[in-house]
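So the structure is just underneath, and the comments pick up after that.
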Amino acid sequence: MIRIYNTLSQQKEEFQPIEPGKVRMYVCGMTVYDYCHLGHARVLVAFDVITRYLRHRGFDVHYVRNITDIDDKILRRADENGELFSELTARMIQAMHEDEARLAVLSPTEEPRATAHIDDILAMIRTLISKGHAYAADNGDVYFAVDSFDGYGKLSKKKLDDLLAGARVDVAEAKRSPADFALWKAAKDGEVSWPSPWGDGRPGWHIECSAMSTCCLGNTFDIHGGGPDLMFPHHENEIAQSEAATGQEFARTWMHAGAIRVNKEKMSKSLGNFFTIREILEKYPAEVVRYFLVSSHYRSQVDYSEANLVEAGRTLTKLYHALRGLVPSKGVADTDYDRRFAEAMDDDFNTAGAVAVLHAVAAEINQHRRDGDDQAARDSAAVLVRLGKVLGLLQQGPEAFFHADTGGELTADDIEALIQARAAARKNRDFAEADRIRDDLLEKGIVLDDAREGTTWRRA
RNA sequence: GGCGCGGUGGCAGAGUGGUUAUGCAGCGGACUGCAACUCCGUGUACGCCGGUUCGAUUCCGACCCGCGCCUCCA
């Protein structure tokens, strides 16, 4: 039995998909006007692990993650760059796909783009107007009438009165109530636009997700996820739009990832304290970044820091060390480790607990190795790789991990040659020379490991 | 001000009404030419104050502190 924390009920609930064996999940994706940062990576990796685990448990997961490719910020940035908005978004989408691939994030089942769903968006707006939940204003905008929807605030636990009282929302006179939000925005001069019954314009952000999710997954689906800062107003508005339009429950389970912090502050675009994924990947191997993310629970806040990434690197190195030189066995039956792993993951995807099981398996491999039981070591290695896969870890060969080119001055061949030279010196008991070579390599970031079978190396 | 989340050993980070998280770092030992890796052993813990209980880090209440959302943001 899988239990998932549902933001709606604020508690863990037993997960029962609408259709047995099948999971329909929608996650709010990126607005593609800039490179993805670590916060995006958190959401990407969190829902990637969730998808992998649900599939591991036998569910057929239909995972939809949208791309917002039309919005104010995109238009502004394209304007600054002096390029078409579509050129900007095409570049950023490609960059996003590259970042994802490096982080071993699997592609979602579907990746709908807002600009390809304008008709669906218009249809939903028409429905909302006809049902009295939305109105076209004099300025060409269309707004959702928040007070027409009873459940407004049920996700973020906000009361409409409180929202109105503290209203810092823009005071567009066109709105009937300050809390109303735009479904359709009239085009300003020269802006890209689509025709509509209310004049040329473009969709508001919230309606895109309502239209795309409903379109791909149906009126009601199992899981809706996203970043922590989307809960209000974005997700609240999605619920209002979708449930008002269809008259049916929207998403059953709402999942929100925790924020990434830098120096005790949330990493965000508005604070300007963000690190892009590609910046970080210049300093740390992608799998180390992924390990860092996976080693704490998806709902907790995590601090991005040099020390934490370095530690993640050391720890991952240890896991790969256990696998080094072993060919995992085929067809190894489930073990007690598989059971413990599943127990942790069943509990709201407790990846931290699951990672602890990985370490237990690694310790067992090392023990078998010490005992000289190669078969048992290979069997355990198979378990480690199998469980690692569910977390998107340990899927490259240990040598590939250890030898990954991080831009050092030495090539693999150079290093091998030096190892040979050192081996010769050691054979002659010229330890001064042997140590000189080892120290020299260490200075260049290469660590040597002398095993019984010979010397191996890795990049520090 | 409203709503929500959290305070665990040097650090990171799970979890539990009474029994080892795990990792990094440290210490002692084995292995090693010396190291590294690995193995064995080892220390330090649950913000504060009350309450419930035979017993609370774990449940309840107050308090202190930190964080998030309330405006575009993953």
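What you see is a predicted model; the values in this text were computed from it and never measured. Numbers restart at 1 for each chain; the letters A, B, ... are given by sequence-line order, proteins then strands.
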Close aromatic pair by centroid cut-off 6.0 Å: A:Tyr63 and A:Tyr26: no

Sugar-phosphate, base or nothing in reach of A:Leu358, heavy atoms under 4.0 Å: nothing

Rounded distance (Å) that lies between atom P of B:G68 and atom CG of A:Asp303: 11 Å

Separation of atom CG in A:Leu293 from atom P in B:A12, rounded to whole Å: 17 Å

Nearest-Å distance for atom pair OH/P, residues A:Tyr291 and B:A14: 12 Å

Sugar-phosphate only, base, or nothing, as touched by A:Ser296 at under 4.0 Å among non-hydrogen atoms: sugar-phosphate

Integer-rounded Å distance: B:A36 P and A:Lys318 NZ: 14 Å

Protein-nucleotide distance (A:His235, atom NE2; B:A74, atom C1'), rounded to Å: 9 Å

Sugar-phosphate, base or nothing in reach of A:Asn308, heavy atoms under 4.0 Å: sugar-phosphate

Nucleotide nearest A:Val43 when distance is taken to its side chain, options B:G33, B:C39, B:A74: B:A74

B:A74 base / A:His37 side chain donor-acceptor hit below 3.5 Å: yes

Among B:A36, B:A14, B:C72, the one nearest A:Asp449 by side-chain distance: B:A36

Touch class at under 4.0 angstrom, heavy-atom based, for A:Gly153 against every strand present: nothing

A:Glu287 and A:Tyr320: side chain donor to acceptor below 3.5 Å: yes

Under 3.5 Å side-chain donor-acceptor pair for A:Asp71 and A:Thr31: no

Gap in Å between the two P atoms, one belonging to B:G50 and one to B:G43, rounded: 30 Å

Out of B:A74, B:C24, B:G66, whichever nucleotide has its closest atom nearest the side chain of A:Met30: B:A74

Which nucleotides of RNA chain B pair, in dot-bracket form (Watson-Crick or G-U under 3.5 Å, | meaning another strand): (((((((..(((.....[...))).(((((.......)))))....(.(((..]....))).))))))))....

Interatomic distance at P, B:G17 relative to B:U58, whole Å: 11 Å

Sugar-phosphate, base or nothing in reach of A:Thr456, heavy atoms under 4.0 Å: nothing

Phosphate OP1/OP2 of B:G15: any A:Asn350 side-chain N/O under 4.0 Å: yes

Salt-bridge criterion met for A:Arg102 and A:Glu98 (N-O under 4.0 Å): no

C1' gap between B:U19 and B:G23, integer Å: 22 Å

Distance-minimising heavy-atom pair for A:Val32 and A:Thr89: O-CG2, 3.7 Å

B:A36 base / A:Arg438 side chain donor-acceptor hit below 3.5 Å: no

Protein-nucleotides 28-32 of chain B N/O pairs closer than 3.5 Å?
none

Candidate nucleotides B:A74, B:C11, B:C72, ranked by approach to the side chain of A:Ala259 - the nearest: B:A74

Geometric class of the A:His206/A:His234 ring pair [parallel <30°, tilted 30-60°, perpendicular >60°]: tilted

Sugar-phosphate only, base, or nothing, as touched by A:Arg458 at under 4.0 Å among non-hydrogen atoms: sugar-phosphate

Between A:His256 and A:Thr7, a side-chain donor and acceptor under 3.5 Å: yes

Residue pair A:Asp141 / A:Tyr143, side-chain donor-acceptor N/O under 3.5 Å: yes

Side chain to side chain, A:Asp346 and A:Met1, heavy atoms closer than 4.5 Å: no

Phosphate-side-chain proximity, A:His40 and B:A74, N/O vs OP1/OP2 below 4.0 Å: yes

Whichever of A:Thr315 and A:Ala307 has its nearest RNA chain B nucleotide further upstream toward 5': A:Ala307

OP1 or OP2 of B:A74 under 4.0 Å from side-chain N/O of A:Thr68: no

4.5 Å side-chain heavy-atom contact, A:Arg386 and A:Asp338: yes

Heavy-atom closest pair, residues A:Met30 and A:Cys36: CG-SG, 3.9 Å

Any N/O pairs under 3.5 Å between the protein and nucleotides 3-7 of chain B? List them or say none.
unit_1, atom_1, unit_2, atom_2, d
B:C3, O2', A:Lys157, O, 3.3
B:G4, O3', A:Gln10, OE1, 3.3

A:Tyr35-A:His40 aromatic ring centre distance below 6.0 Å: no

Qualifying residue, where the test is ring pair (Phe, Tyr, Trp, His ring centres under 6.0 Å) with A:Phe181 and the options are A:Phe144, A:Phe149, A:Phe232: A:Phe144

Distance-minimising heavy-atom pair for A:Ala286 and A:Leu281: CA-CD2, 3.4 Å

Span that lies between the P atom of B:G61 and that of B:C3, in whole angstrom: 15 Å

Sugar-phosphate only, base, or nothing, as touched by A:Arg422 at under 4.0 Å among non-hydrogen atoms: base

Distance, rounded to the nearest Å, where A:Glu343 contributes CD and B:A14 contributes P: 17 Å

A:Lys264 or A:Phe232, whichever maps to the more 5' nucleotide of RNA chain B: A:Lys264

Sugar-phosphate, base or nothing in reach of A:Asp435, heavy atoms under 4.0 Å: base

Euclidean distance for P, B:C34 against B:U20 (whole angstrom): 37 Å

Distance-only polar pair, side chains of A:Asn237 and A:Gln241, donor-acceptor under 3.5 Å: no

Pairing of A:Asp72 and A:Arg77 as salt bridge, 4.0 angstrom limit: no

A:Glu306 CD - B:A25 P separation (whole Å): 16 Å

Proximity to the side chain of A:Leu230 - top-ranked nucleotide from B:A74, B:A14, B:C37: B:A74

P gap between B:A25 and B:C64, integer Å: 40 Å

Nearest-nucleotide pick for A:Phe431, side chain only, options being B:G23, B:G33, B:A25: B:G33

d(NE2, A:His234; P, B:G68) in whole Å: 21 Å

Separation of the P atoms in B:U57 and B:G47, to the nearest angstrom: 9 Å

Side chain of A:Ala363 - closest among B:A74, B:C39, B:A36: B:C39

From B:C40, B:C69, B:A21, nucleotide with atom closest to A:Gln367 side chain: B:C40

Separation of the C1' atoms in B:C46 and B:C37, to the nearest angstrom: 34 Å

